[in-house]
Amino acid sequence: MNDPDEPPKEPAVVGVIPYDPRRGLISDWDDGTVLRIEVLETTAKTILISGNAAGLTSLARHLLTLAQPSAPAGSHLDFDDYCGWFEEGSFGVRIELE
């Protein structure tokens with residue numbers, strides 16, 4: 001049953017390239033992607049991921065690519081400022097499926 005206090009959810013469609021064990025995970029970025037990863041030096045050391053709509057959609061696609069049922073545990077994607085999609089000076093990040 002739906003909670004009346006819960007706001008309605010809208011479906012979002014983000015296409016992913018199916019996992020193929022012969023190829024592994026495929027990285028797929030939208031044109032015009034802008035993303036940055038920074039560490040904010042606050043008391044709690046916050047990681048900030050910011051970007052434009054194309055960048056955030058592309059990041060969502062990568063997370064969904066890793067979440068495919070056919071992707072094996074330990075699959076991961078590495079991103080850093082020299083991969084071409086993150087802004088120069090961004091911190092590197094590895095996103096991994098447990």
Side chain to side chain contact (heavy atoms under 4.5 Å, CB included) evaluation trace for Thr65 with Ile26 = CA-CA 8 Å; Thr65 296; Ile26 302 294; over 6 Å; no
Any link between Val16 and Tyr19 through a network of hydrophobic side chains (Ile, Leu, Val, Met, Phe, Trp, Tyr) touching at under 4.5 Å?
-> no
Atom pair CD1 (Ile17) and CG (Asp28), whose distance is rounded to the nearest 0.5 Å | 4.0 Å
Mind checking the CG-CZ spacing from Leu77 to Arg94? Nearest 0.5 Å is all I need.
-> 9.5 Å
Interatomic spacing from CG in Leu56 to OG1 in Thr33 - rounded to 0.5 Å = 9.0 Å
To the nearest 0.5 angstrom, please state how far the CG atom of Leu66 sits from the OG atom of Ser75.
-> 6.5 Å
I would like to know whether Arg36 and Ile49 meet side chain to side chain contact (heavy atoms under 4.5 Å, CB included); could you show each step before the answer?
-> CA-CA 6 Å; Arg36 278 178 297 287; Ile49 300 172; over 6 Å; no
Point-to-point distance, once rounded to the nearest 0.5 Å, from CG of Leu25 to CG of Asp20 | 10.5 Å
With the side chain counted from C-beta on, respond yes when Gln68 and Pro18 share a heavy-atom pair under 4.5 Å apart, and no when they do not.
-> yes
Just jot down the salt bridge (charged side-chain N to carboxylate O under 4.0 Å, His left out) partners of Asp5, sequence neighbours excluded, or say none.
-> none
Does CD1 belonging to Ile47 count more than 12 external heavy atoms closer than 6.0 Å?
-> no
Check whether any side-chain N or O of Thr57 sits under 3.5 Å from a backbone N or O of Ala54 as a donor-acceptor pair, and report yes or no.
-> no
Any pair with a residue in residues 46-76 that passes ring pair (Phe, Tyr, Trp, His ring centres under 6.0 Å), sequence neighbours left out, goes on the list, sorted by first then second residue, please.
-> Trp29-His62, His62-Phe79
Same apolar cluster (I L V M F W Y, side chains within < 4.5 Å links), Phe91/Leu40 = no
Atom CD of Glu96 and atom CG of Asp78: how far apart are they, to the nearest 0.5 Å?
-> 9.0 Å
Only one of Asp30, Leu35, Leu64 passes side chain to side chain contact (heavy atoms under 4.5 Å, CB included) with Leu59; say which it is.
-> Leu35
Looking at Asn52 and Gly32, what are the two nearest heavy atoms and their distance?
-> ND2-O, 2.7 Å
Are the side chain of Arg61 and the backbone N or O of Gly15 linked by a donor-acceptor pair below 3.5 Å?
-> yes
